[in-house]
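Have a look at the structure below, then the notes.
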Number of protein chains: 2
Amino acid sequence: MIFSKACEYGIRATMYVSLHSLENKRVSLKDISREIDSPEAFTAKVLQQLSRSGIINSLKGPTGGFFIDKPTMQKTNLSHVVYAIEGASFFKGCGLGLKECSEKRPCPLHSRFKIIREELRVSLENTNLYDLSLGVKDGLTFLKK
Amino acid sequence: MIFSKACEYGIRATMYVSLHSLENKRVSLKDISREIDSPEAFTAKVLQQLSRSGIINSLKGPTGGFFIDKPTMQKTNLSHVVYAIEGASFFKGCGLGLKECSEKRPCPLHSRFKIIREELRVSLENTNLYDLSLGVKDGLTFLKK
DNA sequence: ATATATTCGGATAAATTTGTCCGAATTAAA
DNA sequence: TTTAATTCGGACAAATTTATCCGAATATAT
Ligand code: SF4
Ligand code: SF4
């Protein structure tokens with residue numbers, strides 16, 4: 001819908017990694033894709049992207065896996081995750097995919113939708129991984145049904 | 001972004017058709033795709049979809065084209081246009097593309113995003129074609145830059 | 001050292017979305 | 001009645017996104 005599959009898996013994977021990083025546990029690709037119910041090989045690609053972007057860390061070999069240090073969890077917002085996967089274009093231009101325009105010559109939808117677009121941006125920029133995973137840890141939110 | 005290309009063209013085309021239908025003018029595919037800057041043949045497909053869905057009307061032959069009668073313009077909301085093109089799935093399940101879930105076991109993003117999702121739905125459901133095209137007619141909003 | 005468990009990276013394949021082409025059907029005007 | 005302008009519908013093509021496969025590199029434990 002709003003996010004591509006890649007981004008969706010990226011967000012879910014990041015949340016799962018964060019959750020276990022709270023207790024300094026590393027999680028493997030296999031664990032992640034099983035627990036977030038995503039195609040393993042494809043998820044691997046997304047994780048690599050996130051790893052290269054510095055959002056998560058990875059370690060090869062036995063007992064290896066993905067993890068995030070707490071400082072990074074604190075300062076990484078969902079917007080960073082989305083940016084790493086969807087790219088800059090997600091955050092500029094019309095949030096609804098319509099043609100470029102100016103505030104002075106808005107299309108008929110603008111007044112209705114700029115609010116939504118702005119809210120989405122703010123929401124993504126104000127939600128960090130640490131807070132998200134605390135919610136899961138405290139049993140307030142869930143990663144699987 | 002939120003909408004597929006097909007839907008984007010559909011929305012823009014519908015707005016253009018509405019605008020000219022205010023003065024009982026029919027517009028041709030050629031006009032439409034030129035004025036909303038979209039690929040002609042592809043736009044034709046979308047217009048056919050909208051026509052079959054009863055959102056717009058069409059007439060073949062010279063002086064033919066697409067149009068909407070005013071009563072239909074009044075009662076047709078953007079949500080109908082989106083529904084006709086994106087299908088029912090757009091309006092159910094998670095508006096963010098994440099996996100299904102329940103209100104009782106929400107994912108960590110839910111509280112942040114259900115508001116946005118709801119606003120989008122309401123916005124689409126409360127915006128009819130007549131009002132949109134009046135804005136353009138009155139020079140308040142624009143269809144091209 | 002060796003075996004094993006993991007991530008990494010490139011190639012490729014499948015699926016979906018986007019886009020094109022063309023002939024048939026329809027309608028209006030000349 | 002002929003011609004021209006248009007929508008309609010099906011087949012096809014291109015581009016993008018999603019997904020898989022496999023060997024290489026790396027790190028750990030035995
Ligand atoms: S005017 Fe607003 S809604 Fe319309 S295309 Fe521009 S940014 Fe999008
Ligand atoms: S809990 Fe809300 S945000 Fe999360 S997947 Fe479900 S509907 Fe989407």
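Chain naming here is simple, since letters A, B, ... match the order of the sequence lines and numbering starts at 1 in each. Note that the structure is predicted; figures quoted are calculated from it, not measured.
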Check: Which ones in residues 54-69 of chain B lie close to DNA chain C, meaning a heavy atom under 4.0 Å from one of its atoms?
Finding: B:K60, B:G61, B:P62, B:T63
What is the separation between atom [atom1] on [X] and atom [atom2] on [N], rounded to the nearest whole Å?
X     : N      : atom1 : atom2 : value
A:E40 : C:dC8  : CD    : P     : 13 Å
A:F3  : D:dT18 : CZ    : C1'   : 18 Å
A:D31 : C:dT7  : CG    : C1'   : 14 Å
A:L47 : C:dT6  : CG    : C1'   : 13 Å
B:Q49 : D:dG9  : CD    : P     : 12 Å
A:L29 : C:dT6  : CG    : P     : 10 Å
A:D37 : D:dA19 : CG    : P     : 11 Å
B:R52 : D:dC8  : CZ    : P     : 8 Å

Margin query: Quick one about B:E125 and B:H80 (side-chain donor to acceptor, distance below 3.5 Å, no hydrogens or angles considered), yes or no?
Written below: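 Distance-only check fails for B:H80 and B:E125.
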Notebook entry, point to check: Do you see a donor-acceptor pair shorter than 3.5 Å between the side chains of B:S33 and B:S38?
Noted result: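 The criterion, which ignores hydrogens and geometry beyond distance, is not satisfied for B:S38 and B:S33.
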Checklist line | Whichever of B:V27 and A:Y9 has its nearest DNA chain D nucleotide further upstream toward 5' | finding: B:V27
Next item on the list: Assign A:K45 to base, sugar-phosphate, or nothing according to its heavy-atom contacts below 4.0 angstrom with the strands shown.
Entry: base
Same cluster or not: [X] versus [Y], using hydrophobic residues (I, L, V, M, F, W, Y) connected whenever any side-chain heavy atoms lie under 4.5 Å apart?
X     : Y     : value
A:V81 : A:M15 : yes
B:Y9  : B:Y16 : no
B:I56 : B:F67 : no

Next item on the list: Could you please name the option among D:dT20, C:dC21, C:dT7 that lies closest to any side-chain atom of A:A41?
Entry: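 From the listed options, D:dT20 comes nearest.
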Item checked: From D:dT18, C:dG19, C:dT6, nucleotide with atom closest to A:A6 side chain -> D:dT18
Checklist line | Reference residue A:R112; test side-chain contact (heavy atoms from CB on, under 4.5 Å); the match among B:L124, B:L132, B:L120 | finding: B:L132
Check: Closer to the 5' end of DNA chain C via nearest nucleotide, is it B:P39 or B:R26?
Finding: B:P39
Check: Counting only heavy atoms not in B:K70, do more than 12 sit closer than 6.0 Å to its NZ atom?
Finding: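 Enclosed: over 12 neighbouring heavy atoms sit under 6.0 Å from NZ of B:K70.
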Margin query: Can you tell me if B:Q48 touches the phosphate of D:dT7, counting only side-chain N or O atoms and a distance under 4.0 Å to OP1 or OP2?
Written below: no
